[in-house]
Amino acid sequence: MRLRLIQALLAVTVGCFVLATAYISYLIAERQRALQEVSRYNVVWSVNQALVEFTRLQQRVAESAILGSGIDADEVRLRADILLGRLDILNNGEAEGFIRRDPENVRVLGRLEETLSAAEPILGRLGEPGTVLALNRLLTPLHAELASLASDARQTGDRRIAEDQGELRRLHRLFTGLAAGLILCGIALILLLLWSNRLLARSDTKLRQDQLKIVHMARHDPLTGLANRLRFNDELEACLNHANCGASSLTIMFLDLDCFKDINDTHGHLFGDEVLKAVADRLRRNIGDDNLVARLGGDEFAILLPPSRETRDCAGLASRLIAAISAPFAIDGVEFTIAVSIGIAELRDRSAEPGQLLKQADLALYQAKGDGRGIFRFFEPKMEEDLHTRKSLEAELRNALGNGELEVFYQPVIEVARDAICGFEALMRWRHPERGMIPPAEFIPLAEDVGLIVQLGEWVLRQACAEAASWPSEIRIAVNLSPVQFRDRALVQTVVSALAASGLAPSRLELEITETVLLDRSDRNVAILHQLRGLGVRIAMDDFGTGYSSLSYLHSFPFDKIKIDQSFVRGLSTSADSLAIVRLVAGLGSSLGMTTTAEGVETEDEYLALKAVGCIEVQGYYFGRPKPASQIELDRPRSQAGSRSAA
């Protein structure tokens, strides 16, 4: 803003300079004209000289009559000729204007001409008796008129001189004022230029500071102040270009916070940002100045350990980082803990490209998360083989549905009070043409990762509803919904379409979800659950008790059923705690009007214990393994199912 003001002032000052210079040139021209006017005042002198010459003529005529005066006819004629010359001057040039402006002046000048013409023949007879007296009589009357003409000329000249002198004084004042103004403008221009240069210097210092800031922002994370992905990649490439075989290996670590999304969803993104800054501070404190810590985005961090002459304990460093980040946090009065998984890649091939090393660290991180999280893993070549296998499996899974390789199996659910089948749970199975039956734990997470679960889940829902429609009306069908399916805006319509196509009563359909559904976009997902419940569909919470806030979700939505995770059922015979938890959940379900179903029952002792604590439904291998629809027996009692399963 100041620079623009200075530029405007400079433009005005320069404009003033141009205008003042032009006007001064005009004043100089006017002054020259005024001086020329002063030089034209010789008309007064011309008229006075005519009077003087006329007087001299009179004197010479009078002196010519005196004997011994030395004045002869030639002298008198000379004076007459001179007077005639003065008369010519008055009739031409500047004097002519003065004469002709007044008729009296013209008359006097005419009288002079007539008098001189009349005196011409008399001058020729000068010396004869009576000539002097005749000339005097002729000339004397004109003297007074010429004197009056001279007086008028003098007055006119005095007036013009006064006017021109006033004009010259005015021009002088204007000239002096403009000259002073130009001097002031020059001083102002110099000051403005100095001010402009000062501001430009400041501005240059600020394009440099801003440039440095921009460069810093381009290479640093704005939230945590750590290096960003761009700088990390540049530093990694530089280290690879200068790697020294005699030094310890160049190492990179990828870090990913476990369940950070839960923190964001529970406390909000602003709280999550504070967590990321706190994690960044802990990483700075535990990483030496010679190493580089970067935030790659989200809750992903990276550490670059350049080659060093000193022995490096990467495993020890990873353990310290896990311990440091796992220590309790306290932010805005909220205390919590968070875990971190770390993938480590060391430079083994000196010709390795940056992308290859980054890929290795990423694979190691993926392995750490798959092995339980909160741990670290070093890259191993087998991880690349597993990735290749995964990619192949992904490609085959995309074609599995079209190739008819996917099937729906059904596992019976037993109502304890009647000791009879009350429903089935639909489970997806993949019969691979070469690998045989692929476990759901292997391909379901893959389908969720690549987005295929929406298509596959819809297919399972339609198949299960169509099959259950032919069963007795008291037998229900349970279908699992993945959290990924809740991101599909058409989920409710998909359920409506499946029910309509099969003719299955909505009350016979149970949709099972995990608590992850309530963590991910909880408000929106709870609204979807209410829409499904509004259709008459039953909603069950699967794997109850495994999450850190399972009880709180019972207030978020009125579930029809809670399914006790099989990990508690496994411990019934060996752990008093497991039995107490199952008893507590069964009592809680009863008080809330919710059905409780225990999963993973494999022995009669487990079944009897669950029956004793009040579980309403049970399911597991003790009652029957999942089978195709063609192999299930709808009216078979539990005891037969148990004996056949045991066989």
Pair [X] + [Y], salt bridge at N-O below 4.0 Å:
| X | Y | answer |
| --- | --- | --- |
| R229 | D221 | no |
| K261 | D299 | no |
| E617 | K563 | no |
| K382 | D386 | yes |

[X] side chain to [Y] backbone, donor-acceptor under 3.5 Å:
| X | Y | result |
| --- | --- | --- |
| R625 | G620 | no |
| N228 | R231 | yes |
| R570 | G600 | yes |
| D488 | A490 | yes |

Hey, could you give me the [atom1]/[atom2] distance between [X] and [Y], rounded to the nearest 0.5 Å?
| X | Y | atom1 | atom2 | result |
| --- | --- | --- | --- | --- |
| K561 | T597 | NZ | OG1 | 3.5 Å |
| K391 | E396 | NZ | CD | 13.5 Å |
| I438 | I444 | CD1 | CD1 | 11.0 Å |
| L358 | I252 | CG | CD1 | 4.5 Å |
| L446 | L452 | CG | CG | 7.5 Å |
| E394 | N399 | CD | CG | 11.0 Å |

Donor-acceptor pairs are to be reported for all side-chain atoms of residues 275-282 against protein atoms at under 3.5 Å, with residues two or more places apart or in another chain.
residue, atom, partner, partner atom, Å
K277, NZ, E274, OE2, 3.0
D281, OD1, R284, NH1, 2.7
R282, NH1, A324, O, 2.8
R282, NH1, A327, O, 2.9
R282, NH2, P328, O, 3.0

For the residue pair [X] and [Y], what are the closest heavy atoms and their distance?
| X | Y | value |
| --- | --- | --- |
| F376 | S319 | CE2-OG, 3.3 Å |
| L427 | P626 | CD1-CG, 3.6 Å |
| V569 | A598 | CG2-CB, 4.1 Å |
| I322 | G374 | CG2-O, 3.7 Å |
| F409 | R431 | CZ-NH2, 3.8 Å |
| L304 | P306 | O-CD, 3.3 Å |

Exactly one candidate in L481, L518, V492, L511 meets side chain to side chain contact (heavy atoms under 4.5 Å, CB included) with L529; the answer is L518
Do [X] and [Y] get their side chains close enough for a donor-acceptor pair, meaning under 3.5 Å?
| X | Y | value |
| --- | --- | --- |
| H432 | E405 | no |
| Q367 | D371 | yes |
| S341 | D258 | yes |
| N480 | E425 | yes |
| K627 | Q411 | no |
| S497 | R462 | yes |

Heavy-atom side-chain contact between [X] and [Y] under 4.5 Å:
| X | Y | result |
| --- | --- | --- |
| L363 | E384 | yes |
| L406 | W459 | yes |
| L347 | T251 | no |
| P354 | N233 | no |
| M253 | C314 | yes |
| S502 | Q463 | no |
| T494 | V454 | no |
| I513 | D542 | no |

Run the side-chain contact (heavy atoms from CB on, under 4.5 Å) test on Q619 and V601 for me, step by step, so that the C-alpha distance in whole Å, both residues' side-chain angles and the decisive distance to 0.1 Å come before the verdict. CA-CA 6 Å; Q619 71 180 96; V601 182; over 6 Å; no
Run the numbers on V293 and T224 for side-chain contact (heavy atoms from CB on, under 4.5 Å), then give the verdict. CA-CA 11 Å; V293 185; T224 63; over 6 Å; no
Taking salt bridge (Lys or Arg N to Asp or Glu O under 4.0 Å) as the test, write out the residues that go with R435, two or more places apart. E442
Counting only heavy atoms not in Y366, do more than 12 sit closer than 6.0 Å to its OH atom? no
More than 12 heavy atoms of other residues, nucleotides or ligands under 6.0 Å from NZ of K359: is that the case? no
Pair E300, R295 - check salt bridge (charged side-chain N to carboxylate O under 4.0 Å, His left out), show working. CA-CA 6 Å; E300 298 178 357; R295 180 186 175 217; over 6 Å; no
In terms of the angle between their ring planes, are H267 and F271 parallel, tilted or perpendicular, with boundaries placed at 30° and 60°? tilted
Would you call the rings of F232 and F254 parallel, tilted or perpendicular, where under 30° means parallel and over 60° means perpendicular? tilted
Go through L296 and F301 one step at a time and tell me if the side-chain contact (heavy atoms from CB on, under 4.5 Å) criterion holds. CA-CA 5 Å; L296 304 183; F301 297 85; over 6 Å; no
Residue pair Y621, F623: steps toward the ring-ring contact (aromatic ring centres under 6.0 Å, His included) verdict: CA-CA 5 Å; Y621 287 175; F623 308 102; over 10 Å; no
Residues that E448 engages under side-chain hydrogen bond (donor to acceptor under 3.5 Å, both in side chains), provided they are two or more places apart: S482
Determine whether I562 and T595 satisfy the following criterion, side-chain contact (heavy atoms from CB on, under 4.5 Å), listing intermediate values before the conclusion. CA-CA 6 Å; I562 49 179; T595 301; over 6 Å; no
